[in-house]
Amino acid sequence: MEDLRSNILAYIDKHETCSSTELCKEMNVEHQKIVGALNSILAFGEIISAQPEVTSRLELTDEGRQVADHGSHEAVLFASVPAGDGAPQSELMKSVPNAKIGFSKALANRWIRLDKSAPGGPRVYRQVESVSDRIRHCLQMVAALSLDSLTAEERAELKKRKLVQEGRVTVYRVAKGPAFTLTLAKEETELTAEMLATGVWQTLTFKAYNFKALGQQPDCGHLHPLLKVRAEFRQIFLEMGFQEMPTNRYVESSFWNFDALFQPQQHPARDAHDTFFLTEPAACRLDAEQADGYLARVKAVHSNGGYGSIGYNYDWKESEAQKNILRTHTTAVSARMLYQLAQQPQFQPTKYFSIDRVFRNESLDATHLAEFHQIEGLVADYNLNLCHLMGIIREFFHKLGIRRLRFKPAYNPYTEPSMEIFSYHEGLGKWVEIGNSGVFRPEMLLPMGLPESVSVIAWGLSLERPTMIKYGINNIRDLIGPKVDLKMVSVGPICRLDK
Amino acid sequence: MPVVQIEKAALCQCLNRKDFTDEEVDELCFEFGLELDEVTSEREMLAKEQGDAKAAQMGDQLSDAVIYKIEVPANRYDLLCVEGLSRALMVFQSLAQPPLYKAVQPAAGMQQMRVAPSTAQIRPYVVCAMLRNLSFTPASYKSFIDLQDKLHQTICRQRSLVAIGTHDFDTLTGPFLYEALPPSDIVFKPLNQTKEFSAVELMQLYSGESHLKAYLPIIRDSPVYPVIKDANGVVLSMPPIINGDHSKITLNTKNVFIEATATDAHKASVVLDTLVCAFSQYCSEQFTVQAVQVNYPDGRASIYPSLAYRQVDIQVDYLRKGVGRSDSQLTIDEICNRLTRMCLVAKATSDATVSVTVPPTRHDVLHPCDVLEDLAIAIGYNNLEMSLPPTLCTGKQQPLNSLTDKLRLEVAFAGFTECLTFALCSEKDISERLRLPLDSLPAVRIANPKTLEFQVARTSLLPGILKTVHSNRSLPLPLKLFEIQDVVYKSTDSSGSAVNSRQLAAVYYGKSSGFELIHGLMDRIMQVLGVPVDQYKLSATEVATYFTGRCANVLYKGSPVGTIGVLHPETLAQFDLTLPASAFVFDVEKFL
């Protein structure tokens with residue numbers, strides 16, 4: 001290769017300009033190798049210039065290439081026939097490749113003769129002492145792109161024998177470049193410690209980098225996108241001064257999940273269609289709740305009312321409240337926390353948040369799973385009202401980069417007033433629901449023992465929905481569960497909710 | 001939430017707005033707390049259900065008139081029909097005054113319903129009322145049937161709490177009797193049948209009927225079934241299953257006798273109030289209902305419908321504070337006007353108090369906070385001035401969650417990728433597939449899962465991670481996965497509760513078992529947890545999930561906090577994995 005490159009440079013030095021086919025003939029090398037050598041010279045910079053010209057040329061077929069390398073079939077056959085005694089035809093036909101074509105061509109050329117009546121079967125003898133393999137020679141000229149020396153008959157014959165075919169060849173017009181030189185410096189690919197130590201880097205030429213290629217991926221671990229979004233929401237709550245609630249309790253009593261929230265026992269949400277009940281442990285004891293009379297107060301407010309309420313007027317059953325379930329919302333934990341807050345000697349205004357799993361016995365589809373994450377924030381203080389609720393929700397969503405909000409009256413069993421939160425979705429060009437909120441009902445708070453002038457405002461949303469929007473995921477099963485695509489996990493960008 | 005269909009033309013007419021656009025209707029609904037779910041037509045609805053071809057084939061039989069499908073809040077039974085919904089919107093738009101509903105007792109005496117003691121065994125309550133001189137149109141007739149259906153599906157809890165029967169009074173003769181009889185003693189011609197059946201035969205007949213079969217279990221196993229008869233022994237209904245054919249109502253019915261049987265007397269009364277309030281507007285004497293006396297076996301007599309108006313005195317200060325307005329911004333008059341627009345007629349009884357009259361259509365009002373919400377709606381939620389709560393607090397994380405987040409980062413830094421799998425799984429996932437006997441596990445079991453995937457709460461993170469490996473096994477190897485989440489254990493004490501336990505699990509899956517890498521990750525975690533080397537060690541043990549001789553307990557201060565090892569080839573086979581894997585699981589809470 002290096003010799004070929006030097007030879008080419010020397011030729012160009014002498015002739016100023018030439019074609020790649022000319023170089024072929026001159027160096028007696030195949031065209032493909034000339035092109036390779038030219039490209040390698042070009043990689044050194046503007047030493048030469050090479051203008052491509054596409055032309056239609058004859059090129060060898062696979063069979064043609066074989067003949068060019070090993071000789072024509074007839075020449076091969078001729079060589080297989082021993083001078084003098086000859087050989088049996090059947091043996092030749094078996095042992096020589098392409099014997100059939102070779103035999104008939106050699107016969108037609110009168111290179112051999114066939115004695116059909118020889119003892120032991122037909123026998124083949126040489127008819128001339130030596131042959132010149134014209135076909136092979138022609139094919140070698142085609143390979144070297146020196147076609148001028150082929151006659152029209154020869155071309156026709158090669159084509160007919162399917163040894164050549166018409167093809168397109170890119171031929172280069174080569175000339176000296178601005179930085180023409182006869183000697184090519186060896187290019188280095190890497191800057192090594194040794195080069196630095198010896199200082200040799202100063203005299204070396206370095207191979208140009210291909211900046212279009214991708215780099216090598218670092219070997220690293222990844223965090224799950226949903227939990228990256230969770231981290232952002234936690235951060236927002238912490239920035240706003242909220243305390244995290246201990247929500248590591250998936251199994252909850254119906255009492256804390258529903259009854260404490262003033263959700264009546266015949267409420268449809270308490271149906272087996274919506275809620276996972278348990279066989280083990282099927283029911284829990286409510287001793288602590290009973291001990292200080294809280295259970296009795298909850299029972300009373302459901303059945304007969306109190307605290308200014310007329311109640312639901314039904315027969316409240318403790319056995320129903322004892323039933324264990326997988327919590328349907330983290331508000332069950334909020335209720336426990338508010339109850340604890342009420343047990344303090346002096347009420348302390350408080351801001352709480354949580355982000356954790358909840359469970360619904362739903363039919364699964366692209367947007368619903370039996371478990372999902374609920375984000376919840378609440379503020380307990382004296383004299384809070386709807387304006388405060390809307391104000392803190394606005395603050396919270398501003399931090400998410402959501403600015404256009406409006407509020408729709410809604411119904412929740414445990415909040416009154418209640419508001420659904422809508423935001424304007426620029427992409428969809430319409431208002432979409434993004435969360436739910438309200439002021440906890442007095443029938444929930446007062447039996448706990450909270451002072452009458454204390455209000456608790458709260459709002460909630462799912463973690464999955466903003467995550468699916470953020471990461472462009474349409475099927476929730478691609479996000480959570482064993483079918484998660486780890487590729488998606490590894491390529492997901494960092495989570496900046498306000499971007 | 002329930003959905004009510006209302007024709008655009010009808011809505012425009014009652015709201016006196018010919019040029020109502022869909023956007024304006026949407027806006028009105030939004031402000032009032034309804035949701036315009038869909039704008040459609042009879043033809044479009046059929047096309048959606050049965051295809052365009054069928055809809056085209058029906059030709060002129062289908063109307064193209066615009067229909068609004070409107071979602072109403074689950075506690076507003078008064079809005080479940082076109083009549084109630086349009087009246088509420090008319091009052092809200094100050095186009096009508098809230099009606100005054102009356103129950104009257106005719107001079108000639110009330111109709112009587114006697115309750116037999118036998119009903120106590122199955123369905124002890126009944127309430128009744130009559131709508132007199134009523135004229136149905138095809139639309140109002142359909143709406144009347146629809147409302148009963150919607151009430152059955154909502155407050156009546158699929159007829160289990162309350163079941164409504166409506167009858168053509170002119171085919172009947174009072175007094176009436178509500179009793180409970182053995183099924184074979186009840187024989188009558190049920191609605192839309194041509195011959196008589198016994199109750200036993202009816203239960204058989206309807207067991208194949210998609211609409212009615214859901215209600216059969218309410219009474220099926222009872223020795224006696226409820227039945228209502230008139231003075232001549234004509235069966236009005238066998239609640240909560242079916243009415244008799246004899247007294248069925250038609251478009252031409254003028255006098256409607258309504259009975260509602262129940263296991264919950266209060267809800268029965270609410271249902272009856274709701275039905276008569278919505279349809280008494282079609283009576284010759286509007287909003288007036290004829291009362292019926294119900295006589296209980298203990299001698300008690302009750303008169304229905306109750307149509308009770310309840311007075312609630314509310315401090316004006318409470319209302320003003322609730323919507324964040326001062327007395328100059330919100331006068332008593334304005335409070336009264338706005339509440340009246342919500343059908344809550346209010347008048348000032350002093351400078352400091354309003355007396356609010358809660359009508360029999362508004363059984364959702366339980367407490368002054370419900371009145372406050374209506375005031376806020378009448379002002380418009382989006383007209384309120386937002387302000388931040390003055391509450392000053394310091395943000396604080398749960399120590400366990402804070403530790404979890406820090407560990408997640410460290411494990412990801414070490415080159416492992418986080419999975420997020422379900423907390424619920426099958427029994428097989430935690431037992432057979434991990435080669436552990438099910439009865440050795442403190443698993444919480446679910447009573448009513450819809451699929452086998454959710455039989456238990458997980459007791460280990462491993463099945464979820466190994467399933468994730470399985471569905472990602474075509475990715476370049478090795479796979480290095482982890483998860484830090486909660487598993488759930490049934491409590492060992494008698495409290496009948498369960499506890500979460502925060503666990504960290506990691507799996508290496510590749511051409512070799514990679515135990516040294518999993519072990520290295522464990523060492524690294526102990527290092528970042530600041531555990532001195534002498535407080536942490538591995539000690540050989542046997543756990544069936546792991547390969548024999550390739551499993552150890554992770555000991556922290558001498559007691560086991562987790563397990564580590566090469567997974568057993570049969571564990572791998574259970575998850576359809578063909579390459580070796582190593583794993584560990586340990587309890588994060590021990591390091592709090």
Side-chain angles (χ1 to χ4, degrees), chain A residues 219-224 226 238 241-244 246 248-251 266 272 276-281 283-285 308-310 313-314 349 351 357 361 370-371 379 381 383-388 390-392 394-395 406-411 416-417 419 441-442 480-484 486 489, chain B residues 30 33 73-75 157 264 266 321-324 366-370 373 376-377 381-382 384-389 391 393-398 401 408 412 414-418 420-424 444-448 450 454 457 464 467-468 471-472 475 486 488 490 495-498 500:
Chain A
D219 183 16
C220 55
H222 308 276
L223 295 178
H224 190 279
L226 188 85
L238 292 168
F242 282 71
Q243 278 190 34
E244 192 170 27
N248 50 339
R249 168 196 279 275
Y250 294 163
V251 173
Q266 311 86 351
F276 286 115
F277 288 88
L278 304 182
T279 50
E280 258 182 76
C284 65
R285 302 173 64 95
S309 172
I310 58 169
N313 273 292
Y314 73 99
K351 297 199 266 194
R357 283 183 208 237
N361 198 3
E371 46 190 281
V379 185
D381 202 347
N383 301 317
L384 294 180
N385 62 20
L386 266 185
C387 306
H388 297 117
M390 291 162 71
I392 196 137
R394 179 180 61 180
E395 192 74 6
R406 62 177 190 159
F407 299 89
K408 173 179 164 294
Y411 168 65
E416 188 83 11
M419 306 190 297
R441 293 192 70 100
I480 302 178
K483 300 253 162 68
V484 163
L486 292 174
V489 173
Chain B
F30 193 97
N75 64 338
R157 299 302 306 281
D264 179 322
H266 176 69
K321 275 188 182 156
V323 295
L366 307 176
H367 185 275
C369 69
D370 297 292
E373 178 178 88
I377 293 172
Y381 277 6
N382 297 293
L384 299 179
E385 293 76 24
M386 298 189 205
S387 60
L388 276 179
T391 319
C393 297
T394 311
K396 201 170 148 193
Q397 309 186 46
Q398 280 296 317
N401 293 349
R408 286 173 57 234
F416 282 69
T417 293
E418 189 174 30
L420 184 61
T421 62
F422 297 137
L424 307 182
V444 164
R445 285 160 202 258
I446 296 167
N448 53 332
K450 284 197 176 133
F454 305 129
K467 285 191 221 174
T468 309
S471 40
N472 286 279
L475 290 181
D486 288 354
V488 184
K490 196 167 60 179
S495 65
S497 59
N500 283 22

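Keep in mind the model is a prediction, meaning the values are calculated, not measured. The sequence lines fix the lettering, A, B, ..., with proteins before strands; numbering per chain opens at 1.
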Name the option with the most non-hydrogen atom pairs under 4.5 Å to chain A; the candidates are B:L424, B:L384, B:L366, B:I446.
-> B:L366
By a 4.5 Å heavy-atom criterion (distance strictly below it), what part of B:S495 contacts chain A: side chain, backbone, both, or neither?
-> backbone
Heavy-atom pair count under 4.5 Å with chain A, highest-scoring of B:A74, B:A414, B:A376, B:P73 | B:A74
If you draw a 6.0 Å radius around CZ in A:R285, do more than 12 non-hydrogen atoms from other residues or ligands fall strictly inside?
-> no
Residue selection (most heavy-atom pairs with chain B, distance under 4.5 Å) from A:I392, A:D219, A:V251, A:N248 = A:N248
Mind ranking B:G322, B:G324, B:P368, B:A498 by heavy-atom pairs under 4.5 Å with chain A and telling me who comes out on top?
-> B:G322
Under a 4.5 Å heavy-atom cut-off, does chain A meet the side chain of B:R408, its backbone, both or neither?
-> both
Could you look at B:D370 and say if it's the side chain, the backbone, both or neither that has a heavy atom under 4.5 Å from chain A?
-> both
Could you tell me which non-hydrogen atom of B:Y381 sits nearest to which non-hydrogen atom of A:L386, and how far apart they are?
-> CE1-CD1, 4.0 Å
Quick one: which of A:P442, A:A370, A:G391, A:C387 has the most heavy-atom pairs under 4.5 Å with chain B, could you say?
-> A:C387
Does a salt bridge link A:R249 with B:D486, judged by any charged N lying under 4.0 Å from a carboxylate O?
-> no
Find the one option among B:N472, B:V323, B:D264 whose heavy-atom pairs under 4.5 Å with chain A are most numerous.
-> B:N472
A:I480, part contacting chain B, at a heavy-atom distance under 4.5 Å = both
Could you tell me which portion of B:T391 (side chain, backbone, both or neither) has an atom closer than 4.5 angstrom to a non-hydrogen atom of chain A?
-> both
Turns out that what part of B:L475 lies under 4.5 Å from chain A's heavy atoms comes down to side chain
Specify which of A:K483, A:M419, A:E416, A:R441 makes the most heavy-atom pairs with chain B at under 4.5 Å.
-> A:E416
Tell me, please, which residues at least two apart from B:F30 pass ring-ring contact (aromatic ring centres under 6.0 Å, His included).
-> A:F422
Which atoms of B:V488 approach chain A - backbone, side chain, both or neither, heavy atom under 4.5 Å | side chain
For B:K450, does the NZ atom sit with more than 12 other heavy atoms under 6.0 Å from it, leaving out its own atoms?
-> yes
How far apart are the closest heavy atoms of A:L384 and A:V379, and which atoms are they?
-> CD1-O, 3.5 Å
Looking at NE2 of B:H367 and CD1 of A:I310, how far apart are the two atoms once the value is rounded to the nearest 0.5 Å?
-> 11.0 Å
Going through the distances and angles, do A:L486 and B:T468 end up as a side-chain contact (heavy atoms from CB on, under 4.5 Å)?
-> CA-CA 8 Å; A:L486 292 174; B:T468 309; 4.2 Å; yes
Hey, does the side chain of A:N361 reach the backbone of B:N448 with a donor-acceptor pair shorter than 3.5 angstrom?
-> yes
How long is the gap from CG on A:L238 to OG1 on B:T394, to the nearest 0.5 Å?
-> 11.0 Å
Residue A:L226 versus chain B: region with a heavy atom under 4.5 Å | side chain
Answer with side chain, backbone, both or neither: which region of A:E395 has an atom nearer than 4.5 Å to a non-hydrogen atom of chain B?
-> side chain
Under 3.5 Å, side chain of A:D381 to main-chain N/O of A:P349, donor-acceptor pair present?
-> no
Does a donor on one side chain sit under 3.5 Å from an acceptor on the other, for A:N385 and A:H388?
-> yes
Which of A:G221, A:P246, A:C220, A:C284 touches chain B most, by non-hydrogen pairs under 4.5 Å | A:G221
What pair of heavy atoms forms the shortest contact from A:M390 to B:M386, and how long is it?
-> O-SD, 3.6 Å
For chain A, the option from B:S497, B:C393, B:S471 that forms the most heavy-atom pairs under 4.5 Å = B:C393
Largest heavy-atom contact set with chain A, pairs under 4.5 Å, which of B:Q398, B:H266, B:E385, B:K467 | B:Q398
Residue part contacting chain B, namely of A:Q266, when any heavy atom lies under 4.5 Å | both
Structural part of A:F276 lying under 4.5 Å from a heavy atom of chain B | both
Name the region of B:Q397, side chain, backbone, both or neither, that has any atom closer than 4.5 Å to a heavy atom of chain A.
-> both
